[in-house]
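Report on the following structure.
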Amino acid sequence: QVELVESGGGLVQAGGSLRLSCAFSGRFFSSYAMGWFRQAPGKDREFVSAISRSSTNIRYTDSVKGRFTISRDNAKNTAYLQMNSLKPEDTAVYYCTAGGVIMSEPRHNAYWGRGTQVTVSS
């Protein structure tokens with residue numbers, strides 16, 4: 001059984017930074033691709049970033065390219081999302097997901113954490 005727990009969210013001013021962590025519990029973390037999604041109030045959950053099992057393939061949604069960096073530490077069973085130059089429109093609940101391949105459509109991804117709130121003030 002896979003369990004994902006996000007941490008690192010909070011309140012930050014525009015232009016600031018946060019680092020989200022996703023702790024993976026279960027077997028064979030290194031066999032899962034990892035991803036981050038976010039959901040703002042009244043909006044659908046949207047893809048943010050994904051990283052393959054060996055970190056060789058990384059994807060970002062256009063709105064975060066150059067500002068966010070996804071990474072993983074297979075020795076620590078943890079994935080990260082470094083968020084820099086944050087904007088008010090980045091305000092959302094951020095969710096971690098795991099799977100063989102991370103699909104941009106949320107319903108296709110099997111495992112989810114409960115999310116961590118990120119609020120960016122202007």
message: For A92, is there any backbone N or O sitting under 3.5 Å from a side-chain donor or acceptor partner on Q39?
response: no
Any side-chain heavy-atom pair of R67 and Y60 under 4.5 Å: no
statement: Separation between OG1 (T97) and CG (L4), nearest 0.5 Å, reads 7.0 Å
- request: Drop me the distance from M34's CE to Y111's OH, to the nearest 0.5 angstrom.
  value: 12.0 Å
query: If you look only at pairs with a residue in residues 20-108, which of them pass as a disulfide (SG to SG under 2.5 Å), with sequence neighbours excluded?
result: C22-C96
query: Does S71 reach the side chain of Q82, with side-chain heavy atoms less than 4.5 Å apart?
result: no
message: Taking atom CZ as the centre, does R53 end up with more than 12 heavy-atom neighbours from other residues, nucleotides or ligands that are less than 6.0 angstrom away?
response: no
message: For the CD atom of Q117 and the CG atom of L11, what is their distance to the nearest 0.5 Å?
response: 9.5 Å
message: Could you tell me if the side chain of R38 sits less than 4.5 Å from the side chain of V64, heavy atoms only?
response: yes
task: Applying side-chain contact (heavy atoms from CB on, under 4.5 Å), name anything that partners V118, two or more places apart in sequence or on another chain.
output: L18, L20, M83, Y94, V120
message: Working to the nearest 0.5 angstrom, can you tell me the gap between K65 NZ and R59 CZ?
response: 10.5 Å
message: What I'd like to find out is whether the side chain of Q13 reaches to under 4.5 Å of the side chain of S121, using heavy atoms alone.
response: yes
- request: Provide the closest heavy-atom pair for L81 versus S49 in the form atom of the first, atom of the second, distance.
  value: CD1-CB, 4.3 Å
- line: To the nearest 0.5 Å, atom CZ of R72 lies from atom OG of S21 at 13.5 Å
- prompt: Do V48 and I58 belong together in a cluster built from hydrophobic side chains that touch within less than 4.5 Å?
  reply: yes
statement: Hits for side-chain contact (heavy atoms from CB on, under 4.5 Å) against N57, two or more places apart or cross-chain, chain-then-number order -> S52
statement: In this structure, CG of N77 is separated from CZ of R27 (nearest 0.5 Å) by 12.5 Å
Minimal non-hydrogen separation, S122 against P88, with atom names: CB-CG, 3.8 Å
- prompt: Which heavy atom in S17 sits nearest to a heavy atom in N84, and how many Å separate them?
  reply: OG-OD1, 2.9 Å
query: Are I70 and M103 connected in the hydrophobic side-chain network, where two residues link if heavy atoms are under 4.5 Å apart?
result: no
- request: Sequence neighbours left out, what passes ring pair (Phe, Tyr, Trp, His ring centres under 6.0 Å) with F37? Give chain and number order.
  value: F47, W112
message: Going by ring-ring contact (aromatic ring centres under 6.0 Å, His included), name the pairs with one or both residues in residues 2-24, residues two or more places apart or in two chains.
response: F24-F29, F24-Y32
message: Can you confirm whether E105 is buried at CD, in the sense that more than 12 heavy atoms of other residues, nucleotides or ligands lie under 6.0 Å from that atom?
response: yes
statement: Heavy-atom closest pair (I51 atom, S55 atom, distance to 0.1 Å) is CD1-OG, 3.5 Å
field: For F68, ring pair (Phe, Tyr, Trp, His ring centres under 6.0 Å) partners two or more places apart
entry: none
- request: Answer yes when K87 and D90 have at least one side-chain N-carboxylate O distance shorter than 4.0 Å, and no when they do not.
  value: no
